[in-house]
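The chains referred to below are lettered A, B, ... by the order of the sequence lines, with proteins before strands, and numbering in each begins at 1.
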Amino acid sequence: MTRDEIFEKVQGVLVEALGVDDDEVTPDASLAADLGAESIDFLDIVFQLEQAFGFKIQQGELFPENVTQDPEFVQEGKVTAKGIAALKERLPHINFASLEADPQISRVAKVFTVDALVNFCERKLAAA
Amino acid sequence: MRWMWIDRVVELVPRERLVAVKNISLAEDHLHDHFPEVRDGAGVLVRAALPVMPGSLIIEGMAQTAGILVGHAEGFREKVILAKVTRATLDRDAGPGMTLRYTATLVQQSPQGASTNGLVELLDHAAPDAGWAEIGRVDLMFSHLDQNMAGMEFPEHNFVFSESFRTLLRTSGIPCEF
């Protein structure tokens, strides 16, 4: 499956899960900030990606868990270097450059972009 | 007593499907407000009363049906909360003396929650030969409250599957040991 084909499937999943128009689903769009995803939508996206691509996604594999609650990873409203390192190790499909430049906790959600989902699916399919 | 919007579970295939029925009665107060007759300032009837089951309560009926299916899959240990109405379409009114049938099908389940598809059918007892007619679809998502991504903590007691649910299960012949 080509990257364009993966993008089209991801786009279809997001249109269905978030009720957005397909032209809003651009590679740089953030799921929460641009497409309005709320917490339960992330589980919906996981379920729909599993159905669309036929692979299984483990808990914490696509989106992080318990990182922002760990006092070692978040201090004074900012993600620590250790926290960013942990995120990068657990979630290699996500580009954390913008968070490294400005590690405020409020900016964590912005790194979850459409492109990150495409990266994730591409890696999962390649590993299958 | 919690507001229950299903009367009986009539079929349960664990982790797969649950079917429940709801008899609509004119004794239910909400039917008198939904919708009452309308008269103009001179007292002339503008519109006769039209008692119909509110669509929001039909969705709640499906949520209770599907919620039991999802809860049963994990022995009612999880606090199963309706988190998202993925899709809801209702094409026909349901009025007093009619029976609704909800069929919930489990689509996916994980430690964090579940998604279900739902079929809503109607039996009009004035036209029994017509049988069950599909009147809508209600697809839902449920969250297991204690597994929420925010890490929030809730009371240990399972306040979702309360005495009303246990009574419903018992009177439907479903073993209930929680």
Can you name the closest pair of heavy atoms from B:Q108 and A:Q48 and give their distance? OE1-N, 4.3 Å

Considering residues, nucleotides and ligands other than A:Q59, do more than 12 of their heavy atoms fall under 6.0 Å from its CD? yes

Shortest non-hydrogen contact from B:A83 toward A:I40: CB-CG1, 3.3 Å

In Å and rounded to the nearest 0.5 Å, what is the OG to NZ distance from B:S110 to A:K56? 7.0 Å

Neighbour count above 12 (heavy atom, 6.0 Å) for B:D29 CG: no

Is there a side-chain contact between A:D41 and B:M141, using heavy atoms and a 4.5 Å cut-off? no

Can you sort out the partners of A:E24 under salt bridge (Lys or Arg N to Asp or Glu O under 4.0 Å), two or more places apart, ordered by chain and number? none

Please say whether more than 12 non-hydrogen atoms of neighbouring residues, nucleotides or ligands are located less than 6.0 Å from CD in B:E163. no

Should the heavy atoms of other residues, nucleotides or ligands under 6.0 Å from CD of B:E37 be counted, would the total exceed 12? yes

Mark yes or no for whether B:K84, through its side chain, and A:A17, through its backbone, hold a donor-acceptor pair below 3.5 Å. yes

Greater than 12 external heavy atoms within 6.0 Å of A:K9's NZ: yes

Let me confirm one number: the CD-CZ distance from A:E16 to B:R87, rounded to the nearest 0.5 Å. 5.0 Å

Got A:F42 and B:Q112 here, is their nearest side-chain heavy-atom distance under 4.5 Å? no

